[in-house]
Every structure is written in structure tokens, then in C-alpha cells.
Amino acid sequence: MTSNSSIYKKQTLSIDDYVDGILNKNRMILARAITLVESNAKEHIKIAQELMRRILPYSGNSIRIGITGVPGVGKSSFIETLGAYILEQGNKLAVLAIDPTSSISGGSILGDKTRMEKISRDERCFIRPSPSGGMLGGVARKTRESMLICEAAGFDIIFIETVGVGQNEITVRSMVDFFLLLMLSGAGDELQGIKKGIIEIADAILINKADGPNKPIAELARNEYERALHYISSATEGWKTHVYTCSALTGEGISEIWDVIQDFKIKTKESGIFASHRNSQRLEWLHRIIDEHLKYIFFKHPQIAESLPSFEKLVKDGKISPAEAAEKLINLLGI
């Protein structure tokens, strides 16, 4: 690491400062780099793009794990227990925890560092809570960039904790290698209530809080979900999704689910599916960025900005269909 640590306290950092700090695993620079890529300020966007270009060759050497679950399932407790276990195995862990965004302040509500006290104190672990910004999919807009920055800083395990579960939570699938769905016990009711789409994209389902008197109930839930999986195609080609139980409180089942993830990594790399999925995800990322830019250009266009309120009123009053209004607005672009 560079001996001149004073550069890390500078108010404005150069690209070289950022790259040097990230590659030398300076946590302060890492945090500032993620803040930079999350910024919407014009002066930051260009710098962030150059930073990503510079660190891209050093990224990609991790396994990316998406973790989601129903409210109250204990995602943070599970992440802390699993995180502590894999740190003991000599790994370096980054947790990108996507917090719900406050509709009032626009800021992050939950504050994951306060919920993962043990691993947050470990120098081998980096936790970054970020507001979702109300984005569908429960994933912060720049989570992909943050993930690559963490990989360039040497973190070989990346957790992405999403807001919850729902039809729009599946965005995380497009950026991770392994998708883990946490569930509560009480077989039957939860199975009916959860969206089928979430189960279809899970590489493993894990029943948490399987301890004490809840343990036999958790086993019943495991059997129920396992039977349901017979009617659903596996999320990853060549891999069979199964259901497991664990207790974040006692640690039981934690090593088993980690072995499952390791087995998944080995088998999908051997089959070529791992690399194939990464390639597809990069293309999807490209298309999402194009969509974002086109949407921005559309709403910032002077004629669109001027005409949109009147068309919105016409649609709201039922005097014109949304499809017709959209077509007329798009025609204003002259394309």
C-alpha cells in the first residue's frame, strides 16, 4: 500500500488516487469510489466511467451471491452468521445491502452495519448499505458498478442483499451467479403466498430459524417446498434446486449451504454455464444502460417536457388512451 496515506484524506481525488486506493484495498477509498459511481452529478459521471474502465481488468474474480427473502426471515442475521463462517475459511467478503429508500428523505432506512456488528468489525469484510432509490428489482441503480469495484479490491465473495421478495425483486438474478431464497417455516401458507417467479429463479431455498421447537416445523416446510420444486424447472441449466434448513442463531446448517454454493460454483464452471451466464449478464447490463439513457433523453427533451403535462391530463380524464398519448409524445422527437 502506498506510504503517502494523506492522499486518501484529500477532498478531491484523481483517477490515479481512486485506482491506487482500490487496488491497495484502502477501505476509505473503496467507499468513496462507490459513492462516486452512485452519484448522478454530471461532473462525477465522466470520472466514474473512466474509473470503471481502469478497474475492469481486475474484476470478475469472485462468486456473486444474491440473497433475498420474505420480511422477518432474518436475512441480516443469516448473512452475519454465514459471513463469519466464510471469513474463517480465509475468504474476503463484501456485502452490498440494498436498503429500502425513504419516501421522505430519499435516504437509506435500515442501516445494515448496525445489524451486522460482528462481521463489520472484521478487516476482511466490507459492508455497503445503499438506498434502492425506489428502483424496481430491489437493487440500487449502480449495484453492478459497486460489485466490480469490490472485486477489484480483492473481495472474492460478494453478497447482494435485496429489499425483500416480490415480482420485481428478480432483477438481482441478472447480476449474480447464485441466487438464494430465504423462507420461514410453516409449510403451506408461505408456499401459497410467495410469488412463483421468485422460486423459479432460486438456485437454493433455505428455511431459516430451524431451531428449538421450530425445528420440526421447518422440516415440514422443507418437505413441502421440495415437493413443489418437482413441478418447476431449475433456475440454472445442469443444476437441481433443493431446499435446506438452517439456524442463523445456532449456526446449524450454515456450513452445509456454503458447501452447496461451492459445489454450484465448481459444477457450473466445469460445464461452462458459469461463464455463459456472466456473458449474458454483461449484455443485459448494456441494454439496461441504453434504456436508462433513452428514458433520460426522452423526458429531458424540451418539447416532451412542455407537452407531457397536457397529455397526462388527457389520459387521466379518459379523453385519450395511454397508447395514443405515448405515440404522439414519441412523434415529437422527430424519429
Report task. Flag yes if Phe299 and Leu332 sit in one hydrophobic cluster, no otherwise; membership is Ile, Leu, Val, Met, Phe, Trp, Tyr, and two members link when side-chain heavy atoms are under 4.5 Å apart. Result -> yes
Query raised in the report: Would you say the side-chain atoms of Thr241 pair up with the backbone N or O of Ser234, donor to acceptor, closer than 3.5 Å?
Result: no
Query raised in the report: How many angstroms lie between atom CD1 of Ile207 and atom NZ of Lys215, to the nearest 0.5 angstrom?
Result: 14.5 Å
Query raised in the report: Under a 4.5 Å cut-off applied to non-hydrogen side-chain atoms, are Ile330 and Phe298 in contact?
Result: yes
Report task. Using a strict 4.0 Å threshold on nitrogen-to-oxygen distance, state whether Glu284 and Arg288 make a salt bridge. Result -> yes
Requested in this report: Can you establish whether the number of heavy atoms outside Gln262 located under 6.0 Å from its atom CD is more than 12?
Outcome: yes
Query raised in the report: Shortest non-hydrogen contact from Glu161 to Ala97?
Result: OE1-CB, 3.5 Å
Requested in this report: Go through the side-chain N and O atoms of Asp211 and Thr250 and say whether any donor and acceptor fall under 3.5 Å apart.
Outcome: no
Query raised in the report: Which atoms form the tightest heavy-atom contact between Ile29 and Asp17, and what is the distance?
Result: CG2-O, 4.1 Å
Report task. Starting from the C-alpha separation in whole Å, work towards a yes-or-no answer on side-chain contact (heavy atoms from CB on, under 4.5 Å) for Leu13 and Leu36. Result -> CA-CA 10 Å; Leu13 300 177; Leu36 176 72; over 6 Å; no
Query raised in the report: Mind checking whether Lys328 and Ile320 have side chains closer than 4.5 Å, heavy atoms only?
Result: yes
Query raised in the report: Should Ile217 and Leu249 be regarded as members of a common hydrophobic cluster, given that ILVMFWY residues are connected when their side-chain heavy atoms come within less than 4.5 Å of each other, either directly or indirectly?
Result: no
Report summary line: Checking Leu93, Ile261, Val176, Asp177 against Ile65 for side chain to side chain contact (heavy atoms under 4.5 Å, CB included), the one that qualifies is Ile261
Requested in this report: Decide whether Leu294 and Leu329 are clustered together by the hydrophobic rule: side chain heavy atoms of Ile, Leu, Val, Met, Phe, Trp, Tyr closer than 4.5 Å, transitively.
Outcome: no
Query raised in the report: Do side-chain atoms of Ser59 reach the backbone of Leu148 as a donor and acceptor pair under 3.5 angstrom?
Result: no
**Report entry** side-chain contact (heavy atoms from CB on, under 4.5 Å) evaluation trace for Glu256 with Cys246
**Finding:** CA-CA 9 Å; Glu256 180 185 8; Cys246 82; over 6 Å; no
Query raised in the report: Heavy-atom distance under 4.5 Å between the side chains of Phe78 and Val73, does that happen here?
Result: no
**Report entry** Flag, side chain of Arg173 to backbone of Ala235, donor-acceptor distance under 3.5 Å
**Finding:** no
Query raised in the report: Crowded around Glu306 CD? As in, over 12 foreign heavy atoms under 6.0 Å?
Result: no
Requested in this report: State plainly whether the residues Glu270 and Lys267 are in salt-bridge range, i.e. N to O under 4.0 Å.
Outcome: no
Query raised in the report: Counting only N and O atoms by type, is there a donor-acceptor contact under 3.5 Å from the side chain of Glu80 to the main-chain atoms of Ile119?
Result: yes
Query - Other residues, nucleotides, ligands: >12 heavy atoms within 6.0 Å of Glu43 CD - result: yes
Query - Value rounded to 0.5 Å, distance of CD1 in Ile67 from OG1 in Thr162 - result: 9.0 Å
Report task. Could you verify whether a donor N or O on one side chain and an acceptor N or O on the other, from Thr35 and Arg128, lie under 3.5 Å apart? Result -> yes
Requested in this report: Give the ring-plane orientation class for Phe155 versus Phe126, where under 30° counts as parallel, over 60° as perpendicular and anything between as tilted.
Outcome: tilted
Query raised in the report: Can you tell me if NZ on Lys46 sees more than 12 non-hydrogen neighbours from other groups inside 6.0 Å?
Result: no
**Report entry** pair Val19-Asp16: side-chain heavy atoms closer than 4.5 Å
**Finding:** no
Query - Residue pair Tyr18 / Arg32, side-chain heavy-atom distance below 4.5 Å - result: yes
Query - Closest non-hydrogen atom pair between His44 and Ser39, with its separation - result: ND1-OG, 2.7 Å
Query raised in the report: So, for Asn208 and Ala248, which heavy atoms are closest and what is the spacing to 0.1 Å?
Result: OD1-N, 3.3 Å
Query raised in the report: Can Glu226 and Arg222 be counted as an ion pair, charged N to O under 4.0 angstrom?
Result: yes
Query raised in the report: Once you round to the nearest 0.5 Å, how far does CD1 of Ile157 lie from CD1 of Ile63?
Result: 6.5 Å
**Report entry** Closest heavy-atom pair and its distance - Ser185, Ala221
**Finding:** CA-CB, 3.8 Å
**Report entry** 4.5 Å side-chain heavy-atom contact, Trp239 and Ile273
**Finding:** no
Report task. Evaluate side-chain contact (heavy atoms from CB on, under 4.5 Å) for Leu229 paired with Ile205, printing each intermediate quantity in order. Result -> CA-CA 10 Å; Leu229 287 175; Ile205 297 175; 4.1 Å; yes
Query raised in the report: With hydrophobic residues grouped by side-chain heavy-atom distances under 4.5 Å, do Ile289 and Ile297 end up in a single group?
Result: no
**Report entry** Phe178 and Val260, any side-chain heavy atoms less than 4.5 Å apart
**Finding:** yes
Query raised in the report: So does Glu252 have more than 12 non-hydrogen atoms from other groups sitting under 6.0 Å from CD?
Result: no
Report task. Have a look at Lys92 and tell me which of Ile86, Asp156, Asp122 forms a side chain to side chain contact (heavy atoms under 4.5 Å, CB included) with it. Result -> Asp156
Query raised in the report: Measuring from Gln49:CD to Glu145:CD, what's the distance to the nearest 0.5 Å?
Result: 9.0 Å
Report task. Let me know which of Arg64, Arg144, Met147 forms a side chain to side chain contact (heavy atoms under 4.5 Å, CB included) with Leu96. Result -> Met147
Query raised in the report: In Å and rounded to the nearest 0.5 Å, what is the CG to OG1 distance from Asn223 to Thr245?
Result: 10.0 Å
Report summary line: Interatomic distance, CZ@Phe274 vs NZ@Lys265, rounded to 0.5 Å, equals 6.5 Å
**Report entry** Short N-O contact, Arg54 and Asp20, less than 4.0 angstrom
**Finding:** no
Requested in this report: Ignoring hydrogens and angles, tell me if any N or O in the side chain of Asp263 forms a donor-acceptor pair with the backbone of Asp259 under 3.5 Å.
Outcome: no
Requested in this report: In sequence, state the C-alpha distance, the side-chain angles, and the governing distance for Ile158 and Glu151, and then conclude on side-chain contact (heavy atoms from CB on, under 4.5 Å).
Outcome: CA-CA 8 Å; Ile158 310 289; Glu151 289 177 342; 4.2 Å; yes
Requested in this report: Give the cluster check for Leu23 versus Leu56: same hydrophobic cluster or not, with ILVMFWY residues linked at side-chain heavy-atom distances below 4.5 Å.
Outcome: yes
Query raised in the report: Above 12 or not: heavy atoms from other molecules or residues under 6.0 Å from OH of Tyr58?
Result: no
Report task. Could you check if a side-chain atom of Ser146 sits within less than 4.5 angstrom of a side-chain atom of Val37, using non-hydrogen atoms only? Result -> yes
Requested in this report: Of all the heavy-atom pairs spanning Ala210 and Ser247, show the shortest one and how long it is.
Outcome: O-CB, 3.8 Å
Query raised in the report: Are any side-chain N or O atoms of Ser276 and backbone N or O atoms of Gly272, one a donor and one an acceptor, separated by less than 3.5 Å?
Result: no
